[in-house]
Amino acid sequence: MSSCTWTTSTRTPGASRTWCTPSPRTSPDPRPSFRHSVIPSRNRGPAMTVRVPLAELTTFVRDVLTECGLDDESARTAADVITYADANGFTTHGTNGLVNIYAPRLLDGRIDAGAAPRVVQETAGAALLDGDRGLGLVTMDLAMDIAMAKARQTGIGMVAVRNSTHFGSAGYYTQKAAAAGLIGIAMTNCGAQGVAPPLGGTVRMLGTNPLSAAVPVTEGAPFVLDMSTTVVATGKIKAAHREGQEVPQEWLVRHDGTPTSDPADFMAEEADVAWLGGPAATGGAKGFGLALLVDLLCGPLSGAAYGPRPGVLKGEPAGDDNVGHTAIVIDPSAFGSARAIAAENRILLDTVANSPAAAYATRGVTYPGAPEAQRYAQSQRDGVELPGPVAEGLAALAEQLTVTAPAALTGRSLQPAA
Ligand SMILES: NC(=O)c1ccc[n+]([C@@H]2O[C@H](COP(=O)([O-])OP(=O)(O)OC[C@H]3O[C@@H](n4cnc5c(N)ncnc54)[C@H](O)[C@@H]3O)[C@@H](O)[C@H]2O)c1
């Protein structure tokens, strides 16, 4: 841990958190880079999965992160964020991230395990948080806590974060606000990565820039919209490629404008992931516009990196360091009785979910957050379903770090995906 000046701030009511302003580093640290690992394979057949009890998985992830150098509290927080994603069905952004991003980067130093995020500028309702190149999962959790505390004081709180790293599933942070009776909004850019070109463009210069919003209800599953601004998170395309599966052709567009269902076209950069809405004719400008909004609110506002900088047109290398996030929290009680508003939210969402389904909608009508709540209940009951390659990666990590893994991972019995 670097030497630092300590600051304490009130987080959620009844809790406080201390962070430090680190002394300036004496020399820049040229860290080795780690490439997101994708195992190319063309083995066709059903995807195989493993089920791991949620509590065991959470303890294991915490232990791995502790071995990677995180302090106990940070490891616990990050384990909650990671297993939230898996337990809610966002399997590209849970332990898959631990295997391919968080553990390797903590171990090679590209993510600083001893980071000390600090508020560098603050008003009653807003704060700028410098993540000190620490784990985004922990830094964004802190940002959300600060935004929640500010919202309780002023009605609305906003925290912009710079110098952070990958934060996983955006919905973790917003559902936390909703569980506390607050409206939560969370977003992240992907640093200066080039994952998708602008609508109609050819140069990949934007991230999948996810956005989440959650609204509290009196009981049952809250509204939790959690989405990339591209038609899907690219992790799903990479997973399909790894497993030799095709993807819906609405996901990918070749450079000549024709669709393709072969994820290899994406990997070879011969096709790009479509924006939410698809091509311009079906509303792709809306997904693209949302992605730009996320970059504008996560990049220039906080001083974080962002994709569409002039150098990208001259072939400047992309990178996903200095990622920016934004957390916004609104306290409904600034507008009336929080209980009455939450009860009306429940009625609104129930009306949607109970409305008649069209014949083609075999799963009926639902709302954002409800499918994940069901999946979470199933994960608690039957164990968390993990893709076979992720289970293998976790078992290898356990061996590398000599951490005891859940029996389900070591004596894997693979099942066809549900
Ligand atoms: N950290 C990063 O850099 C990054 C980048 C991209 C995505 N992500 C994360 O990846 C995850 C997956 O993103 P995605 O865009 O592939 O999500 P998705 O397509 O699986 O789900 C998007 C949303 O649609 C809702 N939904 C699904 N079916 C529905 C239905 N029938 N009716 C109503 N709502 C329905 C879900 O509740 C969810 O809120 C998210 O957790 C996201 O935050 C993270």
Side-chain angles (χ1 to χ4, degrees), residues 36 78 81-98 100-102 111 135-137 139-141 161 164-176 178 184-196 206-215 221-240 247-248 250-251 273-277 287 290-291 294-295 298-299 304-307 318 320-327 349 352-353 355 357-358 360-376:
H36 190 101
V81 186
I82 288 170
T83 53
Y84 165 90
D86 283 320
N88 282 277
F90 294 119
T91 44
T92 48
H93 284 74
T95 45
N96 181 45
L98 179 69
N100 289 312
I101 304 176
Y102 312 130
I111 298 176
L135 191 62
L137 309 163
T139 307
M140 183 58 173
D141 186 63
V161 184
S164 189
T165 58
H166 194 275
F167 84 10
S169 261
Y172 174 82
Y173 312 100
T174 59
Q175 62 79 34
K176 182 176 178 177
I185 299 174
M187 59 191 88
T188 184
N189 73 6
C190 300
Q193 276 191 102
V195 180
L206 284 148
T208 47
N209 295 4
L211 181 62
S212 175
V215 178
F223 172 89
V224 187
L225 176 65
D226 182 11
M227 51 170 237
S228 44
T229 47
T230 46
V231 71
V232 278
T234 49
K236 289 181 187 163
I237 302 168
K238 291 173 184 172
V247 299
E250 289 80 6
W251 289 11
V273 61
W275 290 108
L276 191 61
L290 283 174
V294 169
D295 237 344
C298 294
Y306 50 89
D320 62 350
D321 300 304
N322 192 9
V323 170
H325 321 307
T326 291
L349 294 172
V352 170
S355 67
Y360 65 81
T362 47
R363 294 187 178 183
V365 179
T366 184
Y367 61 87
E372 286 75 27
Q374 257 182 12
R375 175 75 176 248
Y376 186 82

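Numbering of ligands and ligand atoms starts at 1, following listing order. Predicted, not measured: the structure shown is a model, and the values here were computed from it.
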**OP:** Take T174 and S212 through the side chain to side chain donor-acceptor pair (under 3.5 Å) test and state the conclusion after the steps.
**Re:** CA-CA 7 Å; T174 59; S212 175; 2.7 Å; yes
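- Between the side chains of T229 and N209, no donor-acceptor pair of N or O atoms lies under 3.5 Å.
- Residue V224 has at least one N or O atom closer than 3.5 Å to an N or O atom of ligand 1.
- Of the polar atoms of V232, none of the N or O atoms is found under 3.5 Å from an N or O of ligand 1, judged by distance alone.
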N/O donor-acceptor pairs under 3.5 Å from side chains in residues 363-376, not counting sequence neighbours:
residue, atom, partner, partner atom, Å
Y367, OH, A221, O, 2.6
Y367, OH, R346, NH2, 2.9
E372, OE1, G369, N, 3.3

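- For a threshold of 3.5 Å applied to N or O pairs, the pair formed by T92 and ligand 1 contains no separation below that value.
- Note: no N/O pair closer than 3.5 Å links M227 and ligand 1 by distance alone.
- For ligand 1, none of its N or O atoms has an N or O atom of L225 under 3.5 Å away.
- The protein non-hydrogen atom at the shortest distance from atom 34 (N) of ligand 1 is P368 N, 3.6 Å.
- Protein heavy atoms all stay at least 4.0 Å away from atom 26 (N) of ligand 1.
- For the side chain to side chain contact (heavy atoms under 4.5 Å, CB included) test, residues two or more places apart in sequence or in another chain that qualify with V231 are W251, V273, A274.
- Of the polar atoms of T188, none of the N or O atoms is found under 3.5 Å from an N or O of ligand 1, judged by distance alone.
- Distances between N or O atoms of N189 and those of ligand 1 include no value under 3.5 Å.
- In terms of polar-atom proximity, defined here as any N/O pair under 3.5 Å, P210 makes no such contact with ligand 1.
- With hydrogens and angles ignored, the 3.5 Å screen pairs no side-chain donor or acceptor of D295 with any backbone N or O of N189.
- Formation of a donor-acceptor pair under 3.5 Å by the T188 side chain with backbone atoms of G324 is found in this model.
- Checking only distances, N209 never comes within under 3.5 Å of ligand 1, N or O to N or O.
- Between Y367 and ligand 1, no pair of N/O atoms sits closer than 3.5 Å.
- Of the heavy atoms in R363, none comes closer than 4.0 Å to ligand 1.
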